[in-house]
> 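Structure in structure tokens, see below.
Not measured: the values here are computed from a predicted model. Atoms within each ligand, like the ligands themselves, are counted from 1 in listed order.
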Amino acid sequence: MPGMGAVATTLIAGVELVKKGLGEPVGSLTQLGTVWLGKRTENRVPKIKDFVPLSGMEDLVFGGWDAFPDNAYEAAIAAGVLIKEHLNAVRDELLKVRPMPAVFDPRYVAKLDGTHVKDYGSLREATEKVRQDIRAFKEENGLERAVMVNCASTEAYAQPQKAHFSPEEFEKALDRSDPSISPAMVYAYAAIMEDVPYANGAPSLAADIPALVDLANERGVPVAGKDFKTGQTLMKTIVAPGLKARMLGLEGWYSTNILGNRDGEVLEDPESLKSKEVSKLGVMDTILQPEKNPKLYGNISHLVKINYYPPRGDAKEGWDSIDIFGWLGYPMQIKINFLARDSILAAPIVLDLALFLDLAQRAGMSGMQEWLSFYFKSPMSAPGLYPEHDLFIQQMKLKNRLRAMKGEDLITHLGLDCYE
Ligand SMILES: NC(=O)c1ccc[n+]([C@@H]2O[C@H](COP(=O)([O-])OP(=O)(O)OC[C@H]3O[C@@H](n4cnc5c(N)ncnc54)[C@H](O)[C@@H]3O)[C@@H](O)[C@H]2O)c1
């Protein structure tokens, strides 16, 4: 994991606690989820982990990079997500996880003054060093395979530029250390070149540029992203499909959040904030399809605000004030007040992505993995296709993909088979 802060350490500590029988992997589809197979009368509902050959938690070893030298125990204490009792139960395991020096560029994360950073002349050299780190990590730990999940701070907002459009342009840009290549892209490139599947949990532009998607396809490496779908956006993509299903109208959706962790601090920088806000705003259009339902969804005010508020730490709070209308246009309101815990919601996503991407690679899948949209606020999709945001369609895609992998019938929910 590039970025060993709150999310990464909550994942590592959690997996170690589960391995010791001191916790349950709540929120993880790979550990707790089931998949329905065949006709309803057959009653075949295996656990996902028994249905497809996922690696077990006992096979996992964690490592990564950070711009600060704290080991995973120190970083977890600083993040303040898990209680001391939990952290002390896995202290030895966490102390061993020491981040490698980061590829860091203050132009991309203005709020941090990274001290644990690599020395490199060109960006090409930076990629070589990360690739070397990956190889050394695998060797030292006796690993057959690895997966990279980006858990680093949100970078400044960026849009694809010339250097991002083809692998050839990207390679040239690395040689001349083009400033449009961000650290997140350096890690993603290194992963793909080492045949390591890659997922982007941050809203930063990384493997979602055409150059890296093409490279991933060429090399047969699966990639997915971006921006973990946790708190408020998770709620939005649960509630909005419900309103749409019942053809209830929407006039406006005002979302505001406070959070006090380092992620929140980084988001105080307007450029990093923009990456996050763009990612959060994108979800509504594809769910509601305003062009197909202009009377219901043609004129929505959608506002998203994020404020850094230190007293809350990782225990963020989100408010949604939703103005809807029903029969004959009569107005109604819904209020959601979600007292969430950012990293508690994100950790199982990192675990699932690592296990599913590893499975995808072994199943011969490469390039963009749309079936993993379920986990992201800004899912990647093929050019010309809109990304799917509806959590329930995303879930169907994911489970149908697993069924297809194993040669099982896809579930249509037609239900007629039981009446034949
Ligand atoms: N927790 C959630 O619910 C959630 C949801 C969606 C997305 N995310 C994203 O996940 C990422 C991690 O979140 P977090 O709460 O763990 O943040 P965090 O600030 O606790 O951890 C991020 C870590 O990345 C490190 N870092 C910064 N630049 C780096 C670089 N170039 N290379 C290596 N390390 C670098 C920082 O030093 C820090 O330790 C953020 O981008 C956040 O936006 C989190």
> Would you tell me whether Asn150 and Tyr187 have side-chain atoms, one donor and one acceptor, within less than 3.5 Å of each other?
no
> Could you check whether atom CD of Glu291 has more than 12 heavy atoms from other residues, nucleotides or ligands sitting under 6.0 Å from it?
yes
> Please determine whether any non-hydrogen atom of Tyr108 lies less than 4.0 Å from an atom of ligand 1.
no
> So if I count the atoms of ligand 1 from 1 in the order they appear, which ones are less than 4.0 Å from some heavy atom of Gly5?
16 (O), 20 (O), 21 (O), 23 (C), 39 (O)
> Quick one: does Ala79 get a heavy atom under 4.0 Å from ligand 1?
no
> Using a strict 4.0 Å cut-off to heavy atoms of Ala346, name the atoms of ligand 1 that fall inside it.
1 (N), 2 (C), 3 (O)
> If we count only N and O atoms by modelled type, under 3.5 Å, do the side chains of Lys397 and Ser373 hold a donor and an acceptor together?
no
> Please work out whether any backbone atom (N, CA, C, O) or any side-chain heavy atom from C-beta onward of Thr230 is under 4.0 Å from ligand 1, and answer side chain, backbone, both or neither.
side chain
> Could you tell me if the side chain of Leu37 sits less than 4.5 Å from the side chain of Lys406, heavy atoms only?
no
> Taking only heavy atoms of Phe68, which atoms of ligand 1 are found under 4.0 Å from at least one of them?
37 (O)
> Please determine whether the number of non-hydrogen atoms from other residues, nucleotides or ligands lying under 6.0 Å from atom OH of Tyr309 exceeds 12.
no
> Could you check whether Gln289 and Lys244, counting side-chain N and O atoms only, form a donor-acceptor pair closer than 3.5 Å?
yes
> Give the atoms of ligand 1, by number and element, whose distance to some non-hydrogen atom of Val103 is under 4.0 Å.
30 (C), 31 (N), 32 (N)
> Is the closest heavy atom of Pro203 to ligand 1 under 4.0 Å?
yes
> Of the choices Ala340, Gly201, Ala152, which has the non-hydrogen atom that lies closest to atom 35 (C) of ligand 1?
Ala152
> Going by heavy atoms, is Leu345 under 4.0 Å from ligand 1?
no
> Please work out, at 4.0 Å between heavy atoms, whether the side chain, the backbone, both, or neither of Lys377 comes within that distance of ligand 1.
side chain
> Mark up the atoms of ligand 1 that fall under 4.0 Å of a heavy atom belonging to Gly3, in ascending order.
23 (C), 24 (O), 25 (C), 33 (C), 34 (N)
> Is it true that atom NZ of Lys335 has more than 12 heavy atoms of other residues, nucleotides or ligands lying nearer than 6.0 Å?
yes
> Any atoms of ligand 1 less than 4.0 Å from a non-hydrogen atom of Trp65? List them with their elements.
33 (C), 34 (N)
> Which ligand 1 atoms does Ala202 reach within 4.0 Å, using its non-hydrogen atoms?
41 (O)
> Does Tyr386 have more than 12 heavy atoms from other residues, nucleotides or ligands lying within 6.0 Å of its OH?
no
> Kindly check if the number of other-residue, nucleotide or ligand heavy atoms within 6.0 Å of CZ (Arg124) is above 12?
yes
> Return yes or no for this condition: an N or O of Ala6 is under 3.5 Å from an N or O of ligand 1.
yes
> When you compare the side chains of Tyr73 and Asn88, does any donor N or O come within less than 3.5 Å of an acceptor on the partner?
yes
> Which atoms of ligand 1 have any heavy atom of Asp227 under 4.0 Å away?
6 (C), 7 (C)
> Is there any N or O on Thr154 that sits under 3.5 Å from an N or O of ligand 1?
yes
> So is Val266 in contact with ligand 1, going by heavy-atom distances below 4.0 Å?
no
> Do the ring planes of Phe170 and His164 sit parallel (below 30°), tilted (30 to 60°) or perpendicular (above 60°)?
tilted
> May I ask you to decide if Ala72's main-chain N or O and Glu74's side chain share a donor-acceptor pair within less than 3.5 Å?
no
> Between Val7 and ligand 1, is there a nitrogen or oxygen pair with a distance under 3.5 Å?
yes
